Amino acid sequence: MPITTSAKKALRSSKTKRGFNIAKKELINKTIKQVKKLVSEKKLKEARELMPQVQKILDKSVKTGLLKANTASRKKSRISAMIKRG
């Protein structure tokens with residue numbers, strides 16, 4: 001347990017940030033799963049419509065430091081390739 005007041009504050013803030021990060025990662029995974037499900041059901045039009053939303057979420061997570069740029073780029077590339085393959 002932290003002893004100094006600054007360490008206590010740092011612990012509180014890291015718990016808060018952790019909660020936000022976990023929620024954001026769950027949102028990323030949920031939307032990617034939605035796209036994969038739509039592609040497997042051959043609903044390519046709906047998957048294409050969902051693609052900008054996925055890209056927006058990934059770009060924002062890079063901006064906030066949740067994901068690295070190459071990781072987000074790789075995910076976007078693989079999802080778009082999956083949609084193109086059908």
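Please read all numbers here as calculations on a predicted model, not as lab measurements.
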Practice prompt. Could you note down all residue pairs passing side chain to side chain donor-acceptor pair (under 3.5 Å) where residues 64-86 supplies at least one of them, sequence neighbours left out?
Written response: D59-K76
Worksheet item: Under a single-linkage rule joining Ile, Leu, Val, Met, Phe, Trp and Tyr whose side-chain heavy atoms are separated by less than 4.5 Å, which residues share a cluster with I22?
Response: none
Worksheet item: Quick one: side-chain contact (heavy atoms from CB on, under 4.5 Å) partners of A7, sequence neighbours excluded?
Response: P2, T4
Practice prompt. Give every residue pair that meets the salt bridge (charged side-chain N to carboxylate O under 4.0 Å, His left out) criterion with at least one member in residues 3-14, sequence neighbours excluded.
Written response: none
Practice prompt. Would you mind listing the cluster partners of L27? Hydrophobic ones only (ILVMFWY), side-chain contacts under 4.5 Å, chaining allowed.
Written response: I28, I32, V35, L38, V39, L44, L50, M51, V54, I57, L58, V62, L66, L67, I79, M82, I83
Worksheet item: Can you pull the side chain to side chain donor-acceptor pair (under 3.5 Å) pairs that have at least one residue in residues 31-45, sequence neighbours excluded?
Response: none
Worksheet, complete the sentence: For I3, the hydrophobic cluster (side chain heavy atoms closer than 4.5 Å, chained through members) also holds none
Worksheet item: side chain to side chain donor-acceptor pair (under 3.5 Å): which pairs involve residues 17-28, sequence neighbours left out?
Response: none
